[in-house]
Amino acid sequence: MAEVLIGCAGNLIAKIGEKLIAETGRHLGYVLFYKNYIESLKEQVKNLQVKSEGITIEVEEAKRNGEVIAPEVEQWFENVEIVCNDSTKFLDYEVQERKSIWNGWFPNIKIRYMLSKKAKKKTEKIAALKSVVLNKISYTAPPPAVGDISSGDFKNFESRIPIINQLMNLLKDDTKQIISLCGMGGSGKTTMVREVARRVEAEKMFDEIIMAAVSKEHDLIKVQEDLAKWLGLRFKRPTQEGRANELRNRLLQSKKGNLVILDDVWKHVDLNSIGIPFGKEYNNCKVILTSRSQDTCKAMGCHDVLTLDILTESETWSLLEEMVGDSLQHDHELSKTASEIAKRCGGLPIAVVCLGRALKDKKKEVWNDTLKKLQSSMVPANIEGVKEEVYQSLQVSYDLLEDLESKKVFLLCCLYPEYANVSLEALVRCGMGLDLYRGVDFLIHARDRVHALTDKLRSRYLLLSGDRKSTVKVHSVVRSVGISVASMLEQNFGQFSAAVIHEDRWPRGMTYGNYNAVSVVSNEISELPTRGLSFHKLELLQLACPKLSLEKINTMFERMKTVKVVELWNMSLFSLSSFLDSLPRDILALCMNCEMEKIGDINAEEFENLEILSFGKCDIIELPRQIGKFANLRLLDMSGCQCLERISPGVISSLSQLEELDTGSKLWGDEEEGDASLTELESLTNLIYLGIRIKSISFLPRISLFEKLQRYVIYVGVHLEKSRSFNNRMLLLKLDDTDTHLGGGIDKLLQKNTEKVFLTGDGMKTALNELVPGGFQLVKTLTVESCNNEGVEYLSDRTYSSNGSGVFSSLEKLRMEKMWHLKGILRHDDQGLPFRSFSRLRDIHLSVLPEMAHLFNLSVAMNLVNLESLHIEYCPIMQQVLDNPSPSEPSTTENKLIFPKLTKLVLNDIISLVCFSQGNNLQVEFPLLKVLKLEYLQNFHTFCPEEINLASKVKYKGVNLQSLVDHKVEFSSLAELTVTNVGNIKEIWSGHLPNLVHLQGLYIQFCHMMEEVISIQRPSVTANEERIVFLKLKEVILFGLNRLTFFCRGIDHVDFPQLRVLRLRWLTHFKTFCSEETADHPSSVFNDKVTLPSLETLEVSELDSVEKLWSSQLPTSHFRKLKSLRVEKCHKLVNIFPSDLQTLFPSLEKLEVEKCDSLEEVWASKAAPTRNLKSVIVNECPNLRNLCSSNTFKGLSNLLTLDISSCKMMEAVVADDHKDVKINVFSHNKLEELKLEFLPNLNYFSDIKCDLELPELTQVVIKKCPDMHTFSESSVITPKLKFAVVDNVNTWLSNLNKTLQHWSSSWEY
């Protein structure tokens, strides 16, 4: 035995020895290998910086493409910055300082040990960061809200106010899931639901609002795609069923719910088949339908059907007067005729608007003739859903178009699918192919003509602006009339006759021989009609039938004797050669946007008339030699071909008639054998537009190849996507070398007519020098970024005469980013600039400009009359946005600076910023400013002080605190204010009652010096009550304001009539909203001085000074709409609902209480119950003994879910307050789910001495409640409960009491 013990002891000592030796060696290594540790740290810092630079390139590219950087990437960069700065300081100061003490002699062992140990820890941190794999750098930016594009055309007619109010009320009713708005076509249904979306968005009622037009075509795949666009959702599955699952899963992620608007529903739609969660099991998705049929809506389960009636006579007359102007007021006879015309419009807005615009400024005879036409015109019988009067008025509006070109362009737009965004470029190409534009010989001039014609048609409301730039749309009713008109026109006399087949099948008995335009768009058509398919007079064919085989497509083409324009989209064609031979040889324009992998072997020389060839988004990789045989081609468009890599040599040079060329994704320069080179472009003497990508500036040709271009999109060394329009004059140049020469005529383009300029790289000075002499006069959009050249201190060093024609006089958008040495825009902007300088500037964005001290001086700022958005961030030495060189000079005139159009102002992370501007009696007005964001401005003093000594090195933090805004600054339209970490302000507003009637969102965070939000100075003795009303305020967040005591001081009452969300977090000294200077009792957060009638969500967290949430004097009507209440880390609260509280919280559905250390009860013993409450969650309240009394619990009659955890003193959830009253059964009829976890002292759910009945209870989870040996002292009845989960195990023995008794006995065992 002794030997065994000795052996064990020996092994133990040996292991201890090994451990001691290892530890000693490790510590000794810190001393011996000091240099290794330091060098290793230096190497790791360098490697991490290299990785950071590489990821930065990816981040910048993502930003340029409008994407949002992933949060983990942002966090990684923050961690890298912290670690690198910390390591650099350590190496530069601690290591060098210790080294210099001994000059390398007699090194201090203790210091070496300490430094090596630190270096090792830092090296490990850096290695961990370097090993992080960032799987996703960025995400697609979120799409705009439906409410953001609400039409400004909504008219608040008196007859329609009740309807829109009903819609809003039904949306707020939780019991309503589907609502419909029905009315005739053209009655204004779409306009009204867009206005509803705008209001709902403003009130933040839903997380997301999405909308799609279903239309008569009933293309549900397209409906899914349109809904997905609003959500930023990219489908992964091709089928309707697969996409429905993806859409449903996305919508179910919502917390506040979604609003889905389905516009223009013609027949029954299965909502679940689209992916819209619908049914009793889904309560977070509401649907609005608009339709011409009440029966359709009722068939879809809609019981709330609202009818949008026609306008009253007075409303119709009022709208007509608005459309035609003042001409009706002074001519009684004309007014009488107009009144008759108004009656013939049938009370439908679309008819009144179109006809009114058509008659504007017309002579009396035209009005009389129009009335005669309305009285005598016949209406076709086959125009479904269009009222007779509407058809007549719209047909007359069409007839009143003065020229044939406008009529043809309008009818051409009607051929495209319903609700389509019709590209103006498509109208250019079709129109040129059809020879619509009289006297126009060049495509560039056709583009001008199309813009003029569509502007005219928009002014008549026959066309609408599209959802995307350079597109138009046609109202569905207007389109129906247009199609009908086109179908009845004869080809004679230059008319434009057309047939439109946008249905599931070919119309029976219809023939097409006499039409000169046919549009066939269908996802279902897979066969050709058995007879009647001949196209004797066809000039234009639009075809989009994905189920139609190539064989049948070729059959269609072979039936065409002649055709001028063919448009194909949404089909799989495999190759151009698979169908080209079937087309008539006299075709002028072929435009494709289809799946097509290659060109194939074609006989291009047979198509001598082909002038326009567009490949859209085809997937072709190579453009073969045969394309060069289209000898008369004037336009070749491959702008959407993202896979194009090669163009066969000789193709481009053979197309000598080209006016416009876009070579898509092909990179020019340093071509391999078998690829065309830039020299081929020299043969294109007629070239007017060029879209091209060139690898780098070094590959630009020496000759002025591009000098004569009139339109262009030229990328040189830049890899980012910008919208490419054939009407652009845009240069994107990456210039890396400071001695760069601009070849190829790029310098001449900069000097002559470039409107959009993007410059990046250290050599950009070369390009800027070309723009300087002309004062950047033609540049409309200028972006400069990523330049580390010390020679680029200003965009222009030149002095301009004040009598000149203007500097940057056309500039609309300016973006400057990562210009490391840039000090300003103009070196001499204080010497008087021409009057129009910067006068058109609408958008300024500055980011990461370490040397810029200010944006402009005050004299230049006076010119910014069109500025709409100003965004400045990361400019560390900027002290004021607008520099006033002489702020102390007395002013003899009104010293006022006005930004009449500025709607958004963002100042972010500008550490030295002290003020916006300064000056003696200087006043600044922002009459239209909607959004103001001031974030991370640690030294900001006030918005517009009299004078501050900016040259002083004294930091202003905590010194001479002032208000952010005083009487010198006016924000009369402010809707959203965000103030984050502005460290030097005492309050936001002071001195006088601010004008805040438009404020909708107020967000103030981490302003550690702030004491009040509003402070009003008033006489010490006054009988007048000061009251402030935030008329439109919807959301308030106050977070991390350690000194904030009151919301407002010097005010007797504050009203928030529309406030829906209020979050008060980490306000350690907060007492109440309105100051109570004479209060000798604990103040309540909410008392009778604050009114919140619409509040729905309330969160109070870390209010360390608060002992009571509610005053006992609160009227019972207060908080009547509150739905959700969260109370967290309020350590002085003893209860949430005291006994003397009169307010009943009738709408409260969810209650969360967490980490309130002094809380003893949620409801005090005699507190009134919250009868509508459905969910209660209580967590980590160490002194909580009971949730409430049995009487209160019985009053929680709608409670469904109860979850209590980590309350170590809780003994019973429900305390017995019936001890002196004998009752037989205690029942709660609604409770379904119960969770009790980590409650070490819990004995019972309830210690009531009677039977406990829980008839709806279906789920019980009990975990780590060791003293809970039974559920209730008496029997417990749970008829629907099948089992309980106790300590993660499903168990059941006939009832809850027996189940827990059995389980507790197994614990004891």
Residues K189, D263: salt bridge by 4.0 Å N-O rule: no

Ring-plane angle category for W506 and Y512, please: parallel below 30°, perpendicular beyond 60°, tilted otherwise. perpendicular

Indicate yes or no: does K547 engage E524 in a salt bridge with an N to O separation below 4.0 Å. yes

Intermediate values then yes/no, salt bridge (Lys or Arg N to Asp or Glu O under 4.0 Å), E405 and K456: CA-CA 11 Å; E405 284 184 7; K456 179 180 182 179; over 6 Å; no

Will you find, in the side chains of D219 and N523, an N or O donor that is under 3.5 Å from an N or O acceptor? yes

With a 4.0 Å cut-off on N to O distance, would you call E567 and R429 a salt bridge? no

Not counting sequence neighbours, which residues clear ring pair (Phe, Tyr, Trp, His ring centres under 6.0 Å) with F579? List them please. none

P349 and L311 have their tightest heavy-atom pair at CG-CD1, 4.0 Å

Under the salt bridge (charged side-chain N to carboxylate O under 4.0 Å, His left out) test, which residues partner K298, sequence neighbours left out? none

Between S215 and D264, does the side chain to side chain donor-acceptor pair (under 3.5 Å) criterion hold? Intermediate values first, please. CA-CA 5 Å; S215 79; D264 197 18; 5.5 Å; no

Please check if any side-chain donor atom of S639 sits under 3.5 Å from a side-chain acceptor atom of D637, or the reverse. yes

Any carboxylate oxygen within less than 4.0 angstrom of a Lys/Arg side-chain nitrogen, looking at K552 and E527? yes

Given 3.5 Å as the limit, does a donor-acceptor pair link the side chain of T307 with the main chain of D309, or not? no

Quick one: does any side-chain atom of Q224 pair with a main-chain N or O of I274 as donor and acceptor, under 3.5 Å? yes

Report yes or no: is the cationic atom of K407 (NZ for Lys, CZ for Arg) closer than 6.0 Å to the six-membered ring centre of Y398, at no more than 45° off its axis? yes

Inspect the contact between E195 and R160 and indicate whether a charged nitrogen and a carboxylate oxygen are less than 4.0 angstrom apart. no

For the backbone of L583 and the side chain of R585, can you confirm whether one donor and one acceptor N or O come within less than 3.5 Å of each other? yes

